[in-house]
Amino acid sequence: MRIRTVALCATTLACAAAHAQSSVTLFGIADVNLAHGSGSLSKRTQLASGSNASSRVGFRGREDLGGGLSASFWLEAQFNTDNGTGVATNTNNQASGGGTAQAGGQGLLFNRRSTVSLEGAWGELRLGRDYTGHYRNRVDTDPFGVVGVGANQANVGSLAGTTSTRASNSVGYFLPKLPGGWFGSVQAYLGENLSGTPTADDGRGFNVRLGSTFGPVEVSGAYARQALAAGDIVSKNVGAIYRHASFRLTGAWYEDTTQSATPFSGKGYLVGAIVPVGAGEVKASLSRYGSDAGAQPTVRKMALGYVHHLSKRTALYTTWARVRNSGGATTALNGSTTAANTGSSGFDLGIRHSF
Amino acid sequence: MRIRTVALCATTLACAAAHAQSSVTLFGIADVNLAHGSGSLSKRTQLASGSNASSRVGFRGREDLGGGLSASFWLEAQFNTDNGTGVATNTNNQASGGGTAQAGGQGLLFNRRSTVSLEGAWGELRLGRDYTGHYRNRVDTDPFGVVGVGANQANVGSLAGTTSTRASNSVGYFLPKLPGGWFGSVQAYLGENLSGTPTADDGRGFNVRLGSTFGPVEVSGAYARQALAAGDIVSKNVGAIYRHASFRLTGAWYEDTTQSATPFSGKGYLVGAIVPVGAGEVKASLSRYGSDAGAQPTVRKMALGYVHHLSKRTALYTTWARVRNSGGATTALNGSTTAANTGSSGFDLGIRHSF
Amino acid sequence: MRIRTVALCATTLACAAAHAQSSVTLFGIADVNLAHGSGSLSKRTQLASGSNASSRVGFRGREDLGGGLSASFWLEAQFNTDNGTGVATNTNNQASGGGTAQAGGQGLLFNRRSTVSLEGAWGELRLGRDYTGHYRNRVDTDPFGVVGVGANQANVGSLAGTTSTRASNSVGYFLPKLPGGWFGSVQAYLGENLSGTPTADDGRGFNVRLGSTFGPVEVSGAYARQALAAGDIVSKNVGAIYRHASFRLTGAWYEDTTQSATPFSGKGYLVGAIVPVGAGEVKASLSRYGSDAGAQPTVRKMALGYVHHLSKRTALYTTWARVRNSGGATTALNGSTTAANTGSSGFDLGIRHSF
């Protein structure tokens with residue numbers, strides 16, 4: 001919702017007398033679905049959350065400061081519709097700052113985004129917790145938005161690192177809308193460790209993303225580097241989107257390298273399509289990710305889905321996916337388990353409601 | 001509050017261009033009270049929360065989809081007004097998914113309700129975390145709404161199970177408004193365990209509730225069954241409400257059986273009354289619950305309360321209650337402790353404010 | 001924001017039919033900053049939250065009950081903009097009820113304030129979790145509002161106790177606006193322990209605050225006492241504010257005594273100033289706190305800051321501060337560490353946005 005607001009003034013002299021008018025938007029998504037997974041070792045059926053779009057609730061707002069300048073904030077918490085819990089964040093971009101299951105259920109917190117921005121003709125300065133730049137190429141090209149059983153097959157083992165999706169303690173700069181359709185961002189994040197120790201830099205990282213739009217085609221590339229105790233990780237990826245009046249094609253390629261005791265790297269790709277059909281849309285993707293460590297564990301995935309729009313806010317959806325493992329990989333879908341080098345399949349059937 | 005909303009569209013092709021109008025209701029209750037309990041072993045005085053109605057804050061909304069169909073969501077978090085903490089949920093309907101006290105204070109989460117619904121002339125399909133059907137007969141018939149020192153005496157020991165009040169991972173169907181005043185629901189919930197183990201079914205359960213209104217009388221019965229590692233639990237209950245212009249009488253009867261290593265069962269009843277008096281109402285109840293295990297622990301309770309309405313939203317209230325234990329039971333009120341087969345009494349004195 | 005509300009009625013007879021109109025204010029602050037600290041042992045750089053004003057989000061509202069009476073509620077949760085986490089509360093005003101770091105990140109809860117009030121010409125009765133009265137003299141006189149690197153130097157070691165800032169389970173009474181500018185409050189809080197044990201009183205406490213305004217000068221004093229297992233704490237303080245058209249001067253003096261096995265006490269003071277300069281304001285303070293325990297650990301601090309108002313809601317700010325330790329004290333700024341009797345310095349550079 002957008003709502004008139006009487007903003008709180010901080011307790012400062014200049015601001016003591018009056019309250020400023022403002023507007024805040026309350027927004028969210030409640031998405032819930034039956035999720036079944038089947039592997040060679042076991043099956044599982046769950047009521048799951050957010051398999052079309054992650055369930056969330058948030059507050060955001062923008063203030064015009066005059067002279068082309070504006071300030072804004074964005075606070076967004078993920079939740080699980082099936083049981084009401086929130087989802088953990090990572091406080092220091094290291095393994096020690098991440099979440100483990102809490103007995104009472106993880107409370108709500110602004111794990112998806114917690115930022116304050118200053119924007120002008122020169123672009124946007126954004127501070128706090130946010131998506132990392134290199135993740136945007138992954139999510140924008142995946143017909144399934146990296147959620148649910150159809151999420152693109154990306155990363156294996158420790159190659160994901162702790163900032164493959166989001167980073168806390170980040171300072172980001174985004175280019176303004178440029179002629180020629182260029183867009184881009186740089187983002188640096190802190191591990192917040194004490195100086196003078198061998199692990200002082202752990203958690204620290206940065207990424208750069210640059211892209212452009214050429215008629216119906218959008219292409220962008222990203223480079224990211226993060227220091228971690230288990231070995232620094234360098235990620236590179238490229239994403240492309242072709243927008244046609246009656247369908248959308250996407251492709252992505254990624255490579256991640258870790259400087260662990262025994263360095264290794266992984267590579268993957270995705271090709272996807274979204275085709276509107278009547279009041280709905282069909283989605284499909286093929287993806288693959290493999291590592292050069294040991295026996296070269298590799299996972300191949302195919303996913304097919306249909307989303308039926310009941311309105312602009314509400315949709316029914318179903319997705320079916322299957323993975324094939326090789327090189328010792330054991331990836332299984334929707335919480336099932338499968339033996340090395342066997343397959344696994346699963347489906348989602350649910351409803352997504354935006355507010 | 002009801003507020004105009006600009007709904008978030010999920011990142012899908014069909015929805016990319018426009019935002020839909022919607023309305024969200026922000027609602028809640030802040031209830032706080034002095035709570036004193038006295039038993040034969042010790043006394044305790046607390047500032048407590050929600051002894052007239054559980055403190056809560058939530059968001060809910062409904063969208064008309066046309067053709068008699070509507071979609072809705074309901075997210076509701078309980079909190080403790082006395083210290084600001086939230087209240088745990090249960091993620092898998094088993095002992096392992098329940099809450100233990102968290103050092104920093106349990107964060108807010110949608111433990112009371114977290115659902116998405118699709119409704120039509122055919123009824124309502126509701127997915128997520130919600131009251132169980134058999135709980136409704138308990139809460140609707142209790143003049144004290146199963147909160148505060150006057151809450152009906154129900155369940156002892158392990159007979160309560162984990163879904164006696166709410167269930168996560170549930171799929172529910174509710175009958176529409178029917179001629180003749182019939183109402184009812186069926187609800188199934190998942191434990192979400194891996195298949196192929198002896199405990200694969202734990203947490204899974206279902207309940208059926210059916211009732212009808214005959215003039216001023218409403219009667220309903222419920223049956224529930226849940227698989228649990230400690231022994232499956234079967235619960236049956238019946239509730240009745242008689243609505244007169246100048247008072248309300250209620251009655252309930254319940255029976256719970258557990259298939260533990262040594263099976264046992266419990267039975268209980270409640271009779272209650274609410275009588276409006278001037279700007280307030282007097283509430284009273286007698287309840288009893290006893291088990292056939294061992295020495296047949298049994299608890300008898302009487303409760304008397306008065307609620308003074310300052311407005312439709314705000315009330316002052318006080319409740320006094322006393323329990324008598326027999327068969328080795330040690331139930332004590334408001335956090336006090338009492339020796340086996342002795343009594344305990346307590347009172348609440350507070351304010352409830354709805355928003 | 002202020003918004004029309006349709007209040008939830010509790011499930012009582014009198015309230016079954018209609019919903020009452022109401023209004024709720026959603027309010028908050030998102031404040032984020034780079035925070036650097038440097039000590040003789042190590043340095044640290046962080047993205048921090050709330051160094052000009054604590055980041056928060058809350059709901060509050062008021063209902064006119066007629067006859068000069070009103071009811072109100074205030075629910076306010078702190079959060080960390082840098083990573084999205086919430087902040088712990090204390091459930092029993094004892095060490096056991098306080099927060100330790102949670103692996104998944106502390107969820108949001110109403111740690112800053114969670115109260116229900118009843119107000120009339122006779123004053124205000126406020127129940128729940130709130131600031132303690134003696135803290136108000138500290139915060140009102142500190143140009144930096146007791147947050148960020150410039151926060152006044154107050155308390156050392158265990159002298160702070162658990163209710164030096166806020167108390168849960170509190171019952172407070174606030175004087176109404178009185179002729180002559182008198183103001184004041186009394187507040188009692190419960191530890192909620194079982195009776196009949198040596199620690200039955202732990203966590204319990206009270207405070208009294210009384211002040212008055214004499215033209216441009218405001219003076220107030222407070223006395224607080226709290227029972228704690230580690231030793232009861234008695235705190236006394238006095239604060240004074242001189243408001244001139246073109247600046248504000250503040251001063252405070254505090255003394256805290258603990259009845260631990262080896263009793264000791266601490267004393268401190270602060271002098272501060274806020275001077276508007278163009279679209280901003282310059283802040284400065286000198287503060288000192290020292291204990292008579294052992295070698296008499298003592299900390300002296302100076303802080304200088306500038307806040308540049310971009311609007312009534314948004315400001316850029318920077319603060320620099322330095323501490324000097326003596327008597328074995330090791331206080332260091334912004335997460336750095338320093339050896340006994342050395343100094344430490346640090347700065348904040350950030351943005352604060354209110355909504």
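Since this is a predicted model, take the numbers as computed values, not measurements. Throughout, a chain's letter reflects where its sequence line sits, starting with A, and its residues are numbered from 1.
- Classified by interplanar angle (parallel below 30°, tilted 30° to 60°, perpendicular above 60°), the ring pair His353(C)/Phe73(A) is tilted.
- Counting heavy-atom pairs closer than 4.5 Å to chain C, the top residue among Ser195(A), Ala88(A), Ser168(A), Gly107(A) is Ser195(A).
- Interface remark: Leu109(C) contributes no atoms to any contact with chain A (heavy atom separation under 4.5 Å).
- Note: Thr81(C) leads Val32(C), Asn33(C), Thr81(C) in heavy-atom pairs under 4.5 Å with chain A.
- Summarising the geometry, atom CG belonging to Leu310(C) is positioned 8.5 Å from atom CD belonging to Glu63(A); distances are rounded to the nearest 0.5 Å.
- Of all heavy-atom pairs between Gln46(C) and Leu190(A), the closest is C-CD1, 3.7 Å.
- The contact between Asn80(C) and chain A is made entirely by backbone atoms, counting heavy-atom distances below 4.5 Å.
- When all heavy atoms are compared, the tightest approach of Asp31(C) to Val116(A) is N-CG2, 4.4 Å.
- In this structure, no portion of Val87(A) lies under 4.5 Å from any heavy atom of chain C.
- For chain C, the option among Leu125(A), Asn193(A), Asn111(A) with the highest count of heavy-atom pairs below 4.5 Å is Asn193(A).
- In this structure, chain C has a heavy atom under 4.5 Å from the backbone of Ser170(A), while its side chain stays farther away.
- Note that CZ of Phe79(C) and OG1 of Thr89(A) are 12.5 Å apart. Values are rounded to the nearest 0.5 Å.
- One finds the OG1 atom of Thr85(C) at 10.5 Å from the CZ atom of Phe110(A) (value rounded to the nearest 0.5 Å).
- Of the atoms belonging to Ser336(C), it is backbone heavy atoms, and not side-chain ones, that fall under 4.5 Å from chain A.
- Looking at Val57(C), only its side chain comes within 4.5 Å of chain A, counting heavy atoms on both sides.
- Rounded to the nearest 0.5 Å, atoms CG (Asn83(C)) and CG (Asn90(A)) are 8.5 Å apart.
- We find the CG-CG distance between Leu127(A) and Leu34(C) to be 7.5 Å, quoted to the nearest 0.5 Å.
- Note that CG of Leu47(C) and CZ of Arg129(A) are 12.5 Å apart. Values are rounded to the nearest 0.5 Å.
- Ser42(C) approaches Leu194(A) most closely through the heavy-atom pair OG-CD2, 2.8 Å.
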